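One structure is given here, and the rest of the page talks about it.
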Amino acid sequence: MSEDSRVDILYERAEHAARIIRAHYSDDVHTAIVLGSGLGAFADELEDAVALHYGDIPGFARSTVEGHAGRLVLGKTGGVNVAAMQGRFHYYEGYSFEEVTFPVRTLGALGVRSLVLTNAAGGVNIAFDQGALMIISDHLNLIGGNPLRGANDERFGARFPDMTEVYARDFQEIAAEEGREIELELRRGVYAALPGPSYETPAEIRMLRTLGADAIGMSTVPEAIVARHMGLKVLGISCITNMAAGVLEAPINHAEVIETGERVREKFTKLLRRVIPKLSVVA
Ligand code: HPA
């Protein structure tokens, strides 16, 4: 198979997956959200919702991580249609970058123009507290590869897409303003992605702090790169589920990550309910 026909297949597979989704939910959807570990509850409160299991969407892999339901829920919040991914695919699960980012390709094919990426992250910035929410201002791609590697399909976007403003500044301002309205203090900072699945060592966290990271996680960055490749506007929000290795004495465990996600669920969904209707992009 030539490189080119492989690329054709990716583009057409995304279009095909979008057609299948549309067969279940025919309304226009311009906004989507990816809900990270322990943060899936937002999707459960969408109105007039339709839920598709990832296994029912061609090309979607299966989510294997505890705390991720593995469903795409389409419905309304604040009068706006939204596609919400309950759970995502991570590089550490063994998926290729193409598999990790295929849902974002599909959402783009569906007509989504604004994408909210949420995640659970460790706090690298020592001024952060466990349970804080952080608006992502920029990222460090340390995950070990780039999802755009390989032949480029111009139908998706340019060979060398600009990454000067991955996380749209006006979206950051909208999130900050909505946070202020509900007296929710939102931090802002740089998210660094490492491949995982082991958590970092204290030495790695000191290194990341020197590099300018405020939060650390194992997702989001490949999705954000692919979204920008397709010209989607991105808002990123991290839930600081734990302080990163070495910041506190205690070891880090996944149960704590899920538990903190659940503890902040209410304020997080409250914020999302306010922010999402304001993100519509006038194309
Ligand atoms: N490190 C990496 N990823 C994470 C962490 C962490 O401390 N917490 C939640 N996701």
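Keep in mind it's a predicted model, so treat the numbers as computed, not measured.
A pairwise comparison of heavy atoms in V234 and V166 identifies CB-O, 3.5 Å as the closest pair. Considering every non-hydrogen atom in both V190 and G212, the closest pair reads CB-O, 3.3 Å. Minimum heavy-atom separation, A109 to E15: CB-OE2, 3.9 Å. Residues N152 and G157 share a closest heavy-atom pair of ND2-O, 2.8 Å. Contact detail for L194 and I216: the closest heavy-atom pair is CD1-CD1, 3.7 Å. When all heavy atoms are compared, the tightest approach of P58 to A17 is O-CB, 3.5 Å.
Cluster annotation: I9 is not connected to I20 through the hydrophobic network of ILVMFWY side chains, with a link wherever side-chain heavy atoms come within less than 4.5 Å. L272 and V80 are not part of a single hydrophobic cluster, where members link through side-chain heavy atoms under 4.5 Å apart. Y11 and V100 fall within the same hydrophobic cluster, where Ile, Leu, Val, Met, Phe, Trp and Tyr residues are linked whenever their side-chain heavy atoms come under 4.5 Å apart, directly or through other members. I276 and L46 fall within a single hydrophobic cluster, where Ile, Leu, Val, Met, Phe, Trp and Tyr are joined by side-chain heavy atoms under 4.5 Å apart, directly or via other members.
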query: Given the rule in the side chain to side chain contact (heavy atoms under 4.5 Å, CB included) test, do V247 and R209 qualify, once you have shown the distances and angles that lead to the verdict?
result: CA-CA 11 Å; V247 177; R209 196 174 294 124; 3.5 Å; yes
query: Should R188 and E173 be marked as a salt bridge (Lys or Arg N to Asp or Glu O under 4.0 Å) after you check the CA-CA gap, both sets of side-chain angles, and the distance that decides it?
result: CA-CA 10 Å; R188 210 183 289 216; E173 292 310 319; 3.0 Å; yes
query: Are V104 and L115 close enough, and set up right, to give a side chain to side chain contact (heavy atoms under 4.5 Å, CB included), and what steps lead you there?
result: CA-CA 9 Å; V104 176; L115 179 65; 4.0 Å; yes
- request: Go through the steps for L52 and F60 under the test side chain to side chain contact (heavy atoms under 4.5 Å, CB included), then give the verdict.
  value: CA-CA 11 Å; L52 281 86; F60 274 47; over 6 Å; no
task: Any chance you could lay out the side chain to side chain contact (heavy atoms under 4.5 Å, CB included) test for L279 and F171, step after step, and finish with the verdict?
output: CA-CA 7 Å; L279 298 184; F171 281 9; 3.6 Å; yes
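Scored by the side-chain hydrogen bond (donor to acceptor under 3.5 Å, both in side chains) test, T164 finds D162 as partners (sequence neighbours excluded). Judged as a side-chain hydrogen bond (donor to acceptor under 3.5 Å, both in side chains), and not counting sequence neighbours, the contacts of Y25 are N81. With sequence neighbours excluded, the residues satisfying side-chain hydrogen bond (donor to acceptor under 3.5 Å, both in side chains) with D170 are K233.
Residue E181 places its CD atom among more than 12 non-hydrogen atoms of other residues, nucleotides or ligands, all under 6.0 Å distant. Under a cut-off of 6.0 angstrom, the local environment of CD1 in I126 is sparse, with at most 12 non-hydrogen atoms contributed by other residues, nucleotides or ligands. Surrounding CZ of R149 are at most 12 heavy atoms belonging to other residues, nucleotides or ligands under 6.0 Å away.
Judged purely by atom type and a 3.5 angstrom limit, S238 has no side-chain atom pairing as donor or acceptor with the backbone of A120. Between the side chain of T269 and the backbone N or O of E266, at least one donor-acceptor pair lies under 3.5 Å. Side-chain atoms of Q130 come within 3.5 Å of backbone N or O of T241 as a donor-acceptor pair. Side-chain atoms of E178 never come within 3.5 Å of backbone atoms of V275 as a donor-acceptor pair (strictly under, hydrogens ignored). A donor-acceptor contact shorter than 3.5 Å links the side chain of S137 to the backbone of G189. Judged purely by atom type and a 3.5 angstrom limit, N253 uses its side chain to pair as donor or acceptor with the backbone of E256. With R228 contributing its side chain and L232 its backbone, the two residues share a donor-acceptor pair below 3.5 Å.
R187 forms no cation-pi arrangement with F128, by the criterion of a distance under 6.0 Å to the ring centre and an angle within 45° of the ring axis. In this structure, R13 satisfies the cation-pi test against F102, with its NZ or CZ atom closer than 6.0 Å to the six-membered ring centre and inside 45 degrees of the ring normal.
Q172 has its side chain out of reach of E165: every pair of non-hydrogen atoms, C-beta onward, lies at least 4.5 Å apart. No side-chain heavy atom of E99 sits less than 4.5 Å from a side-chain heavy atom of Y91. Side chains of Y199 and H254 form a contact here, defined as non-hydrogen atoms less than 4.5 Å apart. Proximity of L74 to L110: side-chain heavy atoms (C-beta onward) are separated by under 4.5 Å at one or more points. Within the 4.5 Å cutoff, the side chain of E45 has heavy atoms near those of the R273 side chain. Within the 4.5 Å cutoff, the side chain of V221 has heavy atoms near those of the Y191 side chain. Between L186 and L271, some side-chain heavy-atom pair lies under the 4.5 Å cut-off. Residues M163 and I225 meet the side-chain proximity criterion, which asks for heavy atoms closer than 4.5 Å.
Here the straight-line distance linking atom CG of N242 with atom CG of L248 works out to 9.0 Å at 0.5 Å rounding. Here the OG1 atom belonging to T260 is positioned 11.5 Å from the CE atom belonging to M243, to the nearest 0.5 angstrom.
Under the 30°/60° scheme for interplanar angles, the aromatic rings of F156 and H229 are found to be tilted.
Side-chain atoms of N119 and S219 form no donor-acceptor pair, as typed in the model, at a separation below 3.5 Å.
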